[in-house]
Number of protein chains: 2
Amino acid sequence: MLDSTPSLLTTARNKLEEYLLKKGLRRSSERFAILEEVYSRDDHFDAEDLYQAMHQRSFAVSRATVYNTLEVLVDCGLVRKNQFGDEDNTKSRFEKGLGRQQHAHLICVNCHRVIEFCDPRLQLIKTTVGHTMQFQVESHSLVFYGECNDEMCVARTKAAAANANSN
Amino acid sequence: MLDSTPSLLTTARNKLEEYLLKKGLRRSSERFAILEEVYSRDDHFDAEDLYQAMHQRSFAVSRATVYNTLEVLVDCGLVRKNQFGDEDNTKSRFEKGLGRQQHAHLICVNCHRVIEFCDPRLQLIKTTVGHTMQFQVESHSLVFYGECNDEMCVARTKAAAANANSN
DNA sequence: ATGCGTGCAAAGCCTTTGCAGTCTC
DNA sequence: GAGACTGCAAAGGCTTTGCACGCAT
């Protein structure tokens, strides 16, 4: 692949630079290092995951900085913040915000696997509702909870159910 | 109105009774009192709201009992638990689960107002996705975030924005 | 040089848990 | 009477905050 198309990370870095400049915020090395880590991942990670990853990457930052930077990145659209109410009430999970179309999530209530999907009808609903309710819709969060068909997950769940029945 | 149609509360009480019996749980007065409070409200309340309301109702229960009972009520479908990721990460908000069709929420990012709406297309998406992804979808959570058009909210937001610009 | 950003640890908030006493079954 | 449920307070997990130091501007 030629370099004529800038990588996602490069685009993100430029966008962050622009945002910091516009807001009069400082371009600290921590902010760019964290951005890099975020854009090297393809999963839905929480703040602690990111904190640990930065330490393994031998760019140790404090948790405070992780939280602070994530807020900046969310604010400029480079990171998306999700509140999945499945396993853990309190924990937020993040994902990169560039280079992916709007999507929704499917979460297995047993193994907590997260699957992404897109459906154009969601956009239609958004438009209709905004219009009907006189509401400026800016973003959405659609999550379906259910049971996935992964072999190991199903097996484990069946075993657990059998256990529960014996009570 | 005649009593031939049992009230929502009565229906809920019966359902709870049935559930407790089936599960071999005890029919404590706290559980029924909390159910009554829940079904007297039409809003999206959190655990603390409920705790306070019970004390004003002079049926004082502990927070532990509030949380315990809410879990029971969620489990038997008499209460719905929402994780709105707007104002506060950690707080769950609850609403009664009977006598209302499946719906989604619209949340104002400024005043945190919660509006409910229904759209049949959501059901279609659910069906399609479940089929495509081989996933047994059990429940959903759809939230749109945006700005509502309430007069006071708009005024307050404009004032806040003006303040921010002067920085 | 100014003062924002970072790191550390402590505090905060919502929620869960442990233990003793109480009430349902 | 047995043990599940409640109340209280303490602990727990994630996140935010206060303060001192360091770095970008």
Side-chain angles (χ1 to χ4, degrees), chain A residues 13 16-35 37 44-55 58-76 79 81-94 112 167, chain B residues 16-35 37 44-55 57-76 79 81-94 112 167:
Chain A
R13 220 166 356 212
L16 176 55
E17 196 127 2
E18 183 192 334
Y19 173 86
L20 294 175
L21 210 65
K22 193 186 73 186
K23 289 275 187 176
L25 300 173
R26 294 192 180 162
R27 297 178 297 158
S28 72
S29 57
E30 286 84 356
R31 283 175 175 159
F32 287 94
I34 289 176
L35 180 72
E37 171 60 29
H44 298 78
F45 55 91
D46 61 39
E48 185 65 19
D49 293 333
L50 190 50
Y51 172 80
Q52 296 298 343
M54 292 305 292
H55 279 250
S58 56
F59 194 112
V61 293
S62 70
R63 287 192 179 76
T65 299
V66 168
Y67 281 103
N68 167 32
T69 302
L70 280 173
E71 192 183 330
V72 170
L73 296 179
V74 167
D75 200 53
C76 63
V79 166
K81 182 178 184 173
N82 299 297
Q83 230 79 52
F84 300 144
D86 60 326
E87 186 175 10
D88 196 312
N89 283 340
T90 67
K91 205 184 301 183
S92 297
R93 283 194 255 166
F94 304 86
H112 309 292
N167 290 349
Chain B
L16 176 56
E17 196 128 2
E18 184 192 331
Y19 174 86
L20 293 175
L21 211 66
K22 192 186 71 184
K23 288 274 188 176
L25 300 173
R26 294 191 180 163
R27 298 178 299 158
S28 72
S29 57
E30 286 83 358
R31 284 175 174 161
F32 286 95
I34 290 177
L35 181 71
E37 171 60 29
H44 298 78
F45 55 91
D46 59 41
E48 185 65 19
D49 293 334
L50 190 51
Y51 172 79
Q52 296 297 343
M54 292 305 292
H55 280 249
R57 177 187 269 262
S58 55
F59 193 111
V61 294
S62 71
R63 288 191 179 77
T65 300
V66 168
Y67 282 102
N68 166 33
T69 302
L70 279 174
E71 191 182 329
V72 170
L73 295 179
V74 167
D75 200 52
C76 64
V79 166
K81 181 177 186 175
N82 299 298
Q83 230 79 52
F84 299 144
D86 61 326
E87 187 174 10
D88 197 312
N89 284 339
T90 66
K91 205 184 299 182
S92 297
R93 283 194 255 166
F94 303 86
H112 309 292
N167 290 349

Keeping B/Arg63 on the side-chain end and B/Ala47 on the backbone end, is there a donor-acceptor pair under 3.5 Å?
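Side chain of B/Arg63 to backbone of B/Ala47: no pair is present.
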Donor-acceptor contact below 3.5 Å, side chain B/Asn82 vs main chain B/Phe84:
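Not confirmed, B/Asn82 side chain does not pair with B/Phe84 backbone.
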Please confirm whether the shortest side-chain N or O distance from A/Ser92 to OP1 or OP2 of D/dT15 is below 4.0 Å.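 Yes.
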So does B/Tyr67 get a side-chain nitrogen or oxygen closer than 4.0 Å to the phosphate oxygens (OP1/OP2) of C/dT16?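 Checking B/Tyr67 against C/dT16: no side-chain N or O falls below 4.0 Å of OP1 or OP2.
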Practice item. Could you pick out which residue, B/Ser29 or B/Phe94, lies toward the 5' side of DNA chain C when each is mapped onto its nearest nucleotide? Key: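 Upstream on the strand: B/Phe94.
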Between B/Lys81 and B/Leu25, which residue's closest nucleotide on DNA chain C lies nearer the 5′ terminus?
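Result of the comparison: B/Lys81.
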Can you tell me the distance, in whole Å, between the [atom1] atom of [X] and the [atom2] atom of [N]?
X       : N      : atom1 : atom2 : result
A/Arg27 : C/dC4  : CZ    : P     : 17 Å
B/Phe45 : C/dC14 : CZ    : P     : 16 Å
A/Phe32 : C/dT6  : CZ    : C1'   : 16 Å
A/Leu21 : D/dA24 : CG    : C1'   : 13 Å
A/Lys23 : C/dG5  : NZ    : P     : 12 Å
B/Leu16 : D/dC5  : CG    : C1'   : 14 Å
A/Glu71 : D/dT16 : CD    : P     : 7 Å

To the nearest 0.5 Å, how far apart are CG in B/Leu70 and CZ in B/Phe94?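 Between B/Leu70 CG and B/Phe94 CZ, I get 4.5 Å after rounding to 0.5 Å.
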Nearest-0.5 Å distance that lies between atom CE in B/Met54 and atom OG1 in B/Thr69 |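 If we round to the nearest 0.5 Å, B/Met54:CE and B/Thr69:OG1 are 8.5 Å apart.
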For nucleotides 19-22 of chain D, tabulate all protein N/O to nucleotide N/O atom pairs closer than 3.5 Å, reporting atom names and distance.
none

Contact summary for [X] and [Y], nearest pair of heavy atoms:
X       : Y       : value
A/Gly85 : B/Gln83 : CA-OE1, 3.5 Å
A/Val61 : A/Ile34 : CG2-CD1, 4.3 Å
A/Thr65 : A/Glu30 : CG2-CB, 4.0 Å

query = Has A/Glu71 got more than 12 heavy atoms of other residues, nucleotides or ligands less than 6.0 Å from its CD?
reply =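 For A/Glu71, atom CD is not crowded (no more than 12 foreign heavy atoms under 6.0 Å).
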Check: B/Arg31 and B/Asn68 side chains under 4.5 Å, non-hydrogen atoms: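 Yes, their side chains come closer than 4.5 Å.
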Restricting both atoms to N or O, compile the protein contacts to nucleotides 6-8 of chain D shorter than 3.5 Å, with distance only.
from  : atom 1 : to      : atom 2 : distance (Å)
D/dT6 : OP1    : B/Ser28 : OG     : 3.1
D/dT6 : OP2    : B/Asn68 : ND2    : 2.4
D/dG7 : OP1    : B/Ala60 : O      : 3.4
D/dG7 : OP2    : B/Ser62 : N      : 2.9
D/dG7 : OP2    : B/Ser62 : OG     : 3.1
D/dG7 : OP2    : B/Thr65 : OG1    : 2.4

